[in-house]
Every structure is written in structure tokens, then in C-alpha cells.
Amino acid sequence: MNDKPAANETAFDPARAGWTMIKPIGFGEVVGPIWRHGDARFGFVVEPKHLNFADIVHGGMLTTLADQAMGMTAYRATGGMPHATIELNIQFVGTARLGEFVEAHCEVVRLTRAIIFMQCKLVVGTRPVANATGIWKIRGEG
């Protein structure tokens, strides 16, 4: 399996492709920018700050994207109810490299009055990078 991009690939421009930058707040200012497309797709362009010593995206950044993407999807699915991550699982199945665009595709698996079950696939194009699942506790009215 070759996870390296072709040498002649041009950098993906999320804004030109119709993605909207999410306003960074707190931790998001450190890891971002994070982009949104619709209600359940999020992504980021890999920058040097996202890499580990092996020159691939650090697992912590992929975990952060999965957590933020599923959290924002849960927020919209509940009509803006506050919630908190109570469990997050991730399996790293590929790599992402400098200049690539990592997308998170999220899905609400089940929504109850108190709990949201989510899943998320992280990809570069059609190449899988990670799979994540999580559970969020709905904390009540804003």
C-alpha cells in the first residue's frame, strides 16, 4: 500500500471547493483551521504542525478531528443542545501526509433523549485513514 501522494498533485483548496472555515475557538486555534461541508463533513489541510517525527499526521490530530467533527454533528442533530464526549474510540488504518486534505465523514448512529451514538470515517480522497466511534451525553437545554 502506497500512502504517498503523487509528486505532481496540487494542494487542495477547501474554500474553492465550497467548504466553509469553522471559526476557531480555544483549542481549535492551535490545531485548525478546520473546514465544514454540509452538516456532517469536516476536514483540514495537513500542515507541518500536524506531523509527527515520521512525517505523517500525528494520531492526536486525527483523534482531534474525529472528536470535533462528531461533536459538531451531534450539536446539529440535537438542535444545538450542549453535550460532552463520554467515549471516543479510534482505529488508525492509513496515513496522511503534508499538503493532503483529511476529511471526516460523520453519521449519527442512534439518538436518544440523553445519549448520541456516532461514527466517523477519516479519509484522504477515497483512501481510508482512520475509523472512529463515540458516545456523547446530552447535557440539557443551552
Side-chain angles (χ1 to χ4, degrees), residues 1-112 115-142:
M1 177 165 92
N2 184 359
D3 287 343
K4 291 186 179 182
N8 62 353
E9 276 187 41
T10 58
F12 179 74
D13 182 352
R16 289 188 76 140
W19 292 69
T20 303
M21 187 185 303
I22 296 170
K23 181 180 183 214
I25 298 171
F27 187 62
E29 293 176 326
V30 177
V31 298
I34 303 288
W35 298 82
R36 164 186 263 139
H37 195 279
D39 283 345
R41 288 176 58 201
F42 301 85
F44 73 99
V45 176
V46 178
E47 298 177 15
K49 68 182 178 181
H50 301 129
L51 302 177
N52 62 20
F53 286 111
D55 282 333
I56 59 175
V57 174
H58 192 284
M61 181 59 199
L62 296 173
T63 304
T64 295
L65 176 64
D67 184 46
Q68 289 194 349
M70 287 189 285
M72 287 184 272
T73 301
Y75 183 79
R76 286 199 171 191
T78 61
M81 300 278 286
H83 57 275
T85 309
I86 58 175
E87 183 176 302
L88 180 64
N89 300 294
I90 191 161
Q91 300 83 42
F92 304 107
V93 297
T95 61
R97 298 189 179 277
L98 185 64
E100 292 183 320
F101 187 68
V102 180
E103 288 186 41
H105 299 210
C106 301
E107 178 183 350
V108 175
V109 174
R110 183 163 184 235
L111 173 61
T112 72
I115 301 287
I116 307 166
F117 298 86
M118 304 281 303
Q119 66 183 15
C120 179
K121 296 186 181 308
L122 277 65
V123 297
V124 172
T126 59
R127 188 177 78 236
V129 175
N131 296 311
T133 58
I135 303 171
W136 275 255
K137 169 71 175 146
I138 301 170
R139 297 185 354 223
E141 295 293 330

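- Ring geometry, W19 versus F12: the interplanar angle exceeds 60°, so the pair is classed perpendicular (tilted spans 30 to 60°).
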Open item on the list: The test is side-chain contact (heavy atoms from CB on, under 4.5 Å); show your working for M118 and V108 and say whether it passes.
Closed with: CA-CA 5 Å; M118 304 281 303; V108 175; 3.6 Å; yes

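- The neighbour count for F92 CZ, taken as heavy atoms of other residues, nucleotides or ligands under 6.0 Å away, is above 12.
- Closest approach of H83 and I138 over heavy atoms only: CB-CA, 4.0 Å.
- Summarising the geometry, atom CG belonging to N89 is positioned 4.0 Å from atom OG1 belonging to T133; distances are rounded to the nearest 0.5 Å.
- Between the CD atom of Q119 and the CD atom of E107 there is a distance of 4.5 Å, given to the nearest 0.5 Å.
- To the nearest 0.5 Å, atom CE of residue M70 and atom CH2 of residue W136 are 3.5 Å apart.
- Within a 6.0 Å sphere centred on NZ of K49, heavy atoms belonging to other residues, nucleotides or ligands number more than 12.
- Inter-residue side-chain proximity for T64 and F44 is flagged as unmet; no heavy-atom pair is nearer than 4.5 Å.
- The heavy-atom pair separating T78 from Y75 by the smallest distance is OG1-O, 3.1 Å.
- A salt bridge (charged side-chain N to carboxylate O under 4.0 Å, His left out) check over residues 60-83, counting only residues at least two apart or in different chains, returns the pairs D39-R76.
- Atoms CD and SG, on Q68 and C120 in that order, are 11.5 Å from each other to the nearest 0.5 Å.
- Taking both residues in full, the closest heavy atoms of V124 and V102 are given as CG2-CG2, 3.9 Å, listed atom of the first, atom of the second, then distance.
- Minimum heavy-atom separation, R97 to I56: NH1-CG2, 3.3 Å.
- A pairwise comparison of heavy atoms in R139 and A84 identifies CD-CB, 4.1 Å as the closest pair.
- For the atom pair E87 CD and K137 NZ, the distance stands at 14.5 Å (nearest 0.5 Å).
- Counting heavy atoms from C-beta on, the side chains of P33 and E47 come closer than 4.5 Å.
- Separating the NE2 atom in H50 from the CD atom in E100 is a distance of 13.5 Å, to the nearest 0.5 Å.
- Side-chain atoms of T73 and I116, non-hydrogen and from C-beta on, never get closer than 4.5 Å to each other.
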TODO: Start with the C-alpha gap between D55 and L98, add the side-chain angles, then the distance that decides, and say whether side-chain contact (heavy atoms from CB on, under 4.5 Å) holds.
DONE: CA-CA 8 Å; D55 282 333; L98 185 64; over 6 Å; no

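- In this structure, H37 places its NE2 atom where more than 12 heavy-atom neighbours from other residues, nucleotides or ligands lie under 6.0 Å away.
- Closest of all the heavy-atom pairs between T112 and R110 is CG2-CZ, 3.7 Å.
- Side-chain atoms of R127 come within 3.5 Å of backbone atoms of T95 as a donor-acceptor pair (strictly under, hydrogens ignored).
- Counting only distance, with no hydrogens or angles, the side chain of R36 and the backbone of G38 share a donor-acceptor pair below 3.5 Å.
- For the pair I22 and F42, the minimum side-chain heavy-atom distance is below 4.5 Å.
- Each of V45, V123, D13 was scored for a side chain to side chain contact (heavy atoms under 4.5 Å, CB included) with F101, with one residue passing: V45.
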